[in-house]
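What follows is a set of notes on a single structure, which appears directly below.
Just so it is clear, the structure is predicted and the values come from calculations on it, not from any experiment. All chains are named by letter (A, B, ...) in the order of the sequence lines, taking the proteins before the strands, and each is independently numbered beginning at 1.
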There are 2 protein chains.
Amino acid sequence: MTDRSPAAGKPIRTAITDEDGIDFAIIELFFFAYRDFTSDPDQILADYGFGRAHHRVLHFVNRRPGLTVAELLDVLKITKQSLARVLKQLIDTDHIVQVQGPRDRRQRELYPTAKGRALALALARPQSRRIRAALEDSGTTERASIERFLEAMVNPELRAQIDIMPAQTSGKKNGDH
Amino acid sequence: MTDRSPAAGKPIRTAITDEDGIDFAIIELFFFAYRDFTSDPDQILADYGFGRAHHRVLHFVNRRPGLTVAELLDVLKITKQSLARVLKQLIDTDHIVQVQGPRDRRQRELYPTAKGRALALALARPQSRRIRAALEDSGTTERASIERFLEAMVNPELRAQIDIMPAQTSGKKNGDH
DNA sequence: GGAATTATGTCAGTACTATTGACGTAATTT
DNA sequence: AAATTACGTCAATAGTACTGACATAATTCC
């Protein structure tokens with residue numbers, strides 16, 4: 001149990017490098033950056049007994065008030081069942097309310113309450129601080145270049161989800177043309 | 001059940017914006033970018049019955065061959081128990097081997113096998129392609145600026161973990177293509 | 001040499017997020 | 001009237017994570 005079994009392959013002792021032109025540096029940085037990026041709100045969420053799933057739901061309901069359950073599922077790319085418990089908890093704790101759809105009464109439009117809005121802001125605050133600090137520390141003159149890079153990392157067919165957002169992404173790249 | 005309960009707060013119908021100077025644009029982009037970034041290897045991992053945890057272990061063992069279990073736990077920021085099952089599976093499937101530490105025989109140095117090296121490369125390939133494409137698409141003249149930004153997003157006290165990596169993260173301003 | 005500490009492995013129990021599949025209900029569309 | 005859609009819910013399962021406890025072997029400290 002201590003050593004490798006007889007049939008096992010031999011250990012490779014050299015570190016993986018940029019062979020095949022693989023960009024390990026940015027792959028790793030992306031991992032670490034996202035890990036720490038999500039750790040900020042995780043602290044706050046723990047106080048509520050919530051997890052990341054609650055955060056995501058809360059975020060998008062605040063960003064697109066009135067979106068339906070189906071739309072939310074599409075943005076989050078999870079299943080109805082995964083959303084069910086999380087959404088129910090957010091409704092039960094009075095962070096989100098459902099309103100019957102005006103045109104289609106089958107639909108449930110989701111809106112944040114004042115409480116839900118406040119929590120969404122509290123969760124976003126440390127993340128935004130981290131981003132601002134990172135932009136400054138890294139001497140990024142244009143934040144637009146970071147924005148463009150991140151957007152280009154998203155699957156093209158899914159970028160539509162981003163563009164639907166409340167805009168004001170400032171100058172963005174398109175300018176609505 | 002259809003509508004909101006009597007005690008519930010009133011729905012807020014306006015979208016959350018950049019109030020309080022919160023950078024929702026980049027917060028969202030980071031979420032979408034990471035979601036798609038991880039979706040590439042997820043496809044491949046599914047064929048092996050592996051998950052993201054296996055990927056991370058495989059990645060770091062390939063990046064720092066010979067690292068010990070304790071070091072791996074420190075990098076991944078998970079507990080021993082969380083690592084146990086995943087590491088065992090990778091060893092049983094001959095992707096990783098353990099070697100008794102030379103100085104300290106209590107330690108288990110972790111090394112990839114040829115099989116483990118190959119899988120790590122296969123998993124990194126689509127991610128690297130995505131990064132390269134994003135750099136090109138976004139017209140990022142220097143990739144170093146993206147690197148600096150991502151590094152600045154990492155908690156300062158944890159940046160040591162990155163700097164230990166097989167170098168060429170730092171001296172990377174080479175433009176070997 | 002003996003005691004404390006360290007590195008690792010393992011067991012038991014739990015939680016959260018996610019999955020697929022199935023079924024029911026109400027509302028809309030055809 | 002029939003089919004479809006939007007939503008909710010139930011059951012069963014999986015992957016990843018957690019805490020706490022305990023065992024073993026090896027090293028270090030006194």
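As a whole-Å value, the separation of A:Arg35 CZ from D:dT16 P is 18 Å. Per the geometry, CZ belonging to A:Arg103 stands 15 Å off C1' belonging to D:dT5, to the nearest Å. B:Arg52 places its CZ atom 11 Å from the C1' atom of C:dT17, with the value rounded to the nearest Å. Atoms CG (B:Leu67) and C1' (C:dT8) sit 14 Å apart, rounded to a whole Å. Spacing between atom CD of B:Glu109 and atom C1' of C:dT8 amounts to 14 Å, rounded to whole angstrom units. Between A:Asp42 atom CG and D:dA17 atom P there is a gap of 12 Å when expressed in whole angstrom units. To the nearest angstrom, P of C:dT17 lies 13 Å from CG of A:Leu58. Rounded to an integer number of Å, the gap from CZ of B:Arg108 to P of C:dT6 is 17 Å.
Residue A:Arg106 has its side chain nearest to D:dA6 when only D:dA6, D:dT27, D:dC7 are considered. The side chain of A:Ala53 has C:dT17 as its nearest neighbour among D:dA17, D:dA26, C:dT17. The nucleotide whose nearest atom lies closest to any side-chain atom of B:His54 is, among D:dT16, C:dT17, C:dT8, D:dT16.
A cation-pi contact links B:Arg13 to A:Tyr111, judged by a cut-off of 6.0 Å to the six-membered ring centre and 45° from its axis.
Distances shown here put a side-chain N or O of B:Arg56 below 4.0 Å from the OP1 or OP2 atom of D:dA17. Listed pair B:Arg105 / D:dT27 meets the phosphate criterion, a side-chain N or O lying under 4.0 Å from OP1 or OP2.
A perpendicular orientation is assigned to the rings of A:Phe50 and A:His95, their planes being inclined by more than 60° (bins at 30° and 60°). In this structure, B:Phe37 and A:Phe30 have perpendicular ring planes: the angle between them is above 60°, well past the 30° mark.
Residue B:Gln98 holds its CD atom at 3.5 Å from CD1 of B:Ile91, rounded to the nearest 0.5 Å. With values rounded to the nearest 0.5 angstrom, B:His59 atom NE2 is found 3.5 Å from A:Glu28 atom CD. One finds the CG atom of A:Leu135 at 8.5 Å from the OG atom of A:Ser145 (value rounded to the nearest 0.5 Å).
Neither side chain, B:Arg108 nor B:Thr68, offers a donor N or O lying under 3.5 Å from an acceptor on the other.
In the region residues 76-85 of chain A, proximity to DNA chain C at under 4.0 angstrom, judged on heavy atoms, holds for A:Lys77, A:Ile78, A:Thr79, A:Gln81, A:Ser82, A:Arg85.
When the nearest nucleotides of DNA chain C are assigned to A:Pro102 and B:Asp104 by heavy-atom distance, the more 5′-ward of the two goes with B:Asp104.
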